[in-house]
Participant: 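What follows is a single structure, and I will ask about it in a moment.
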Number of protein chains: 2
Amino acid sequence: MKAITVLLVDDHLVVRSGLKALLGTQPDIDVVAEAASGEEALAQVEQHSPAVVVMDLAMGAGMDGIEAIRKIRERNRRQAVLVFTTYDSDADIVRAVDAGAMGYLLKDAAPEEIFAAIRGAVQGKSVMSAPVASRLFQQLRNPDEVLTPREAELLSLLIEGLSNRELGQRLFISEATVKTHLAHIYAKLGVETRAAAIATAIRREGMR
Amino acid sequence: MKAITVLLVDDHLVVRSGLKALLGTQPDIDVVAEAASGEEALAQVEQHSPAVVVMDLAMGAGMDGIEAIRKIRERNRRQAVLVFTTYDSDADIVRAVDAGAMGYLLKDAAPEEIFAAIRGAVQGKSVMSAPVASRLFQQLRNPDEVLTPREAELLSLLIEGLSNRELGQRLFISEATVKTHLAHIYAKLGVETRAAAIATAIRREGMR
DNA sequence: TGGTCTCTCAGCCTTTTGGCTGATACCGCT
DNA sequence: AGCGGTATCAGCCAAAAGGCTGAGAGACCA
């Protein structure tokens with residue numbers, strides 16, 4: 001039986017070596033390469049063609065994790081990509097799955113869960129941590145609460161602290177339209193004020 | 001020459017084992033214990049009395065890192081505590097230093113930097129990553145921009161999305177007073193609207 | 001004792017935001 | 001041809017937020 005070849009992608013050295021040590025305890029899993037950035041990850045995939053890529057989404061600089069997943073999947077369908085990250089962001093989950101991720105694990109997952117995800121990934125099985133699964137399920141069950149692209153765009157500027165007028169200028173739309181979009185966003189986020197919208201958006205969009 | 005005994009505190013197993021592997025390469029540094037929570041950390045300090053405690057601030061549940069630092073320093077002055085965390089939050093830096101941390105490192109620090117910090121800590125030297133140092137310096141140089149305790153309290157509720165009225169009710173002060181505090185906070189943060197205040201506060205206070 | 005800081009409160013006025021209703025236009029799908 | 005979803009805009013009104021000035025009480029410190 002051949003071991004499962006794995007590429008680790010994470011911009012933190014300690015996380016990489018920790019994961020490597022952890023995976024090293026499993027005889028059927030073999031870490032063949034590491035990368036600290038999206039660009040590096042692509043190069044390593046080319047060179048080693050690993051069966052599974054375990055990737056952190058938050059990469060300090062350059063290409064982000066989502067982008068890297070997409071590129072890997074574009075060029076070569078043989079790799080299964082597992083997301084391994086600290087936070088369970090709604091947007092990231094959807095985008096990662098959309099980009100072709102086979103699984104989504106949180107860094108506080110139990111070792112057994114991680115091993116199982118890697119073994120499952122090569123067989124085409126999708127594994128995700130419980131909190132992640134529940135969030136994804138929530139989104140699929142409630143499509144009404146998913147923002148449209150334009151709304152998402154507005155929200156991303158909203159959390160920069162812009163006023164309605166500034167939002168309008170930035171997006172080349174009238175203030176009236178801005179208010180319409182905002183009303184929809186508030187309804188979907190379940191809030192009443194822009195302050196609350198910013199607060200929940202920033203938390204949902206990435207950092208708990 | 002005796003090795004420096006170290007306790008690792010982090011709620012992520014992979015980070016602990018990664019750091020352990022990294023420190024294991026140094027003959028003069030000896031990881032004698034690990035803990036996944038503030039409570040565990042206190043117990044391990046009692047039991048092993050390590051020379052240095054390397055601690056993540058963000059602990060999933062229970063006592064947070066700052067609290068743990070304070071407790072450790074209260075009971076026993078012999079430990080030097082090094083903060084080892086992902087984000088460089090203004091508030092956390094000040095609070096950690098205040099609680100008695102000897103150094104403040106980011107997780108993307110170079111291995112040599114980490115080794116140096118540990119070796120320095122036992123000699124009473126304070127080491128911090130460059131970005132952290134610059135932020136701290138900034139704060140010390142510009143005391144006008146440091147929020148008062150009351151203002152910080154208000155800000156922490158503000159980023160929950162509360163309205164002026166709600167803030168007043170929560171803090172048992174009038175809406176007028178809330179507005180006064182907010183005006184001061186805006187001035188210190190260099191913004192004009194509560195939306196921008198929330199945006200910059202959340203970024204500054206913890207998650208980039 | 002006087003100065004500074006912090007926290008508290010008030011009134012007044014302007015600007016911004018939010019709620020509501022209604023309308024047009026484009027697109028894709030049936 | 002019609003329907004649902006999206007994006008655009010307008011007007012009206014009430015509520016919230018923000019700018020400004022002024023002021024009293026307590027703490028702390030020189």
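Sequence lines set the chain letters: A, B, ... in the order given, protein chains first and strands last, and positions in each chain run from 1. This structure is a prediction, so every number in the text was calculated from the model and none was measured.
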Participant: At what distance, to the nearest 0.5 angstrom, does NE2 of His12(B) lie from CG of Leu19(B)?
Facilitator: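 One finds 14.0 Å between NE2 of His12(B) and CG of Leu19(B).
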Participant: Using a cut-off of strictly less than 4.0 Å, decide whether Arg150(A) has a side-chain nitrogen or oxygen near OP1 or OP2 of dT8(D).
Facilitator: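 So the side-chain polar atoms of Arg150(A) do come within 4.0 Å of the phosphate oxygens OP1 or OP2 of dT8(D), strictly under.
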Participant: Measure the distance from CZ on Arg165(A) to P on dG18(C) and round it to the nearest whole Å.
Facilitator: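 Those two atoms, CZ and P, are 15 Å apart.
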Participant: Is a donor from one side chain sitting under 3.5 angstrom from an acceptor on the other, for Thr180(B) and Thr177(B)?
Facilitator: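 Distance-only check fails for Thr180(B) and Thr177(B).
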Participant: Map Arg194(A) and Pro149(B) onto DNA chain C by nearest heavy atom, then report which one ends up closer to the 5' terminus.
Facilitator: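 It is Pro149(B), whose closest nucleotide lies nearer the 5' terminus.
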Participant: Please tell me which of the listed nucleotides, dA16(D), dG19(D), dG18(C), lies nearest to the side chain of Glu192(B)?
Facilitator: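 Looking only at heavy atoms from C-beta outward on Glu192(B), the closest nucleotide is dG19(D).
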Participant: Whole-Å distance between dC9(D) P and Leu154(A) CG?
Facilitator: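 Between P of dC9(D) and CG of Leu154(A): 12 Å.
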Participant: Can you find a side chain N or O atom of Asn164(A) that sits less than 4.0 Å from OP1 or OP2 on dT16(C)?
Facilitator: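 Answer is no, no contact under 4.0 Å.
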Participant: Supply the atom-to-atom distance Leu7(A) CG to Gln47(A) CD, rounded to the nearest 0.5 angstrom.
Facilitator: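 Reported value, rounded in 0.5 Å steps: 10.5 Å.
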Participant: Can you measure His184(B) atom NE2 to dT4(C) atom P for me and round it to whole angstrom units?
Facilitator: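 So the NE2-P distance, His184(B) to dT4(C), works out to 16 Å.
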Participant: Take the protein atom CD1 of Ile185(B) and the nucleotide atom C1' of dG19(D), then report the distance between them rounded to whole Å.
Facilitator: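 Rounding to the nearest Å, CD1 of Ile185(B) and C1' of dG19(D) are 16 Å apart.
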Participant: Output the residues of residues 166-181 of chain B in contact with DNA chain D, where contact means a heavy atom of the residue under 4.0 Å from an atom of the strand; sort by number or write none.
Facilitator: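 Only Lys179(B) qualify.
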Participant: Rounded at 0.5 Å granularity, tell me how far CG in Leu182(A) sits from OG1 in Thr193(A).
Facilitator: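 Atom-to-atom, Leu182(A):CG and Thr193(A):OG1 are 11.0 Å apart.
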Participant: Would you mind listing every salt bridge (Lys or Arg N to Asp or Glu O under 4.0 Å) that reaches into residues 190-200 of chain A, with sequence neighbours excluded?
Facilitator: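 Output for this query is empty, none listed.
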Participant: Which heavy atom of Glu34(B) sits nearest a heavy atom of Gln44(B), and at what distance?
Facilitator: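 Heavy-atom minimum between the residues: O-NE2, 3.2 Å.
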Participant: What is the distance, rounded to the nearest whole Å, between atom OH of Tyr186(A) and atom P of dT16(C)?
Facilitator: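 Between P of dT16(C) and OH of Tyr186(A): 15 Å.
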Participant: Figure out the CG/C1' separation between Leu182(B) and dA16(D), and round it to whole Å.
Facilitator: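 In whole Å, dA16(D) C1' lies 12 Å from Leu182(B) CG.
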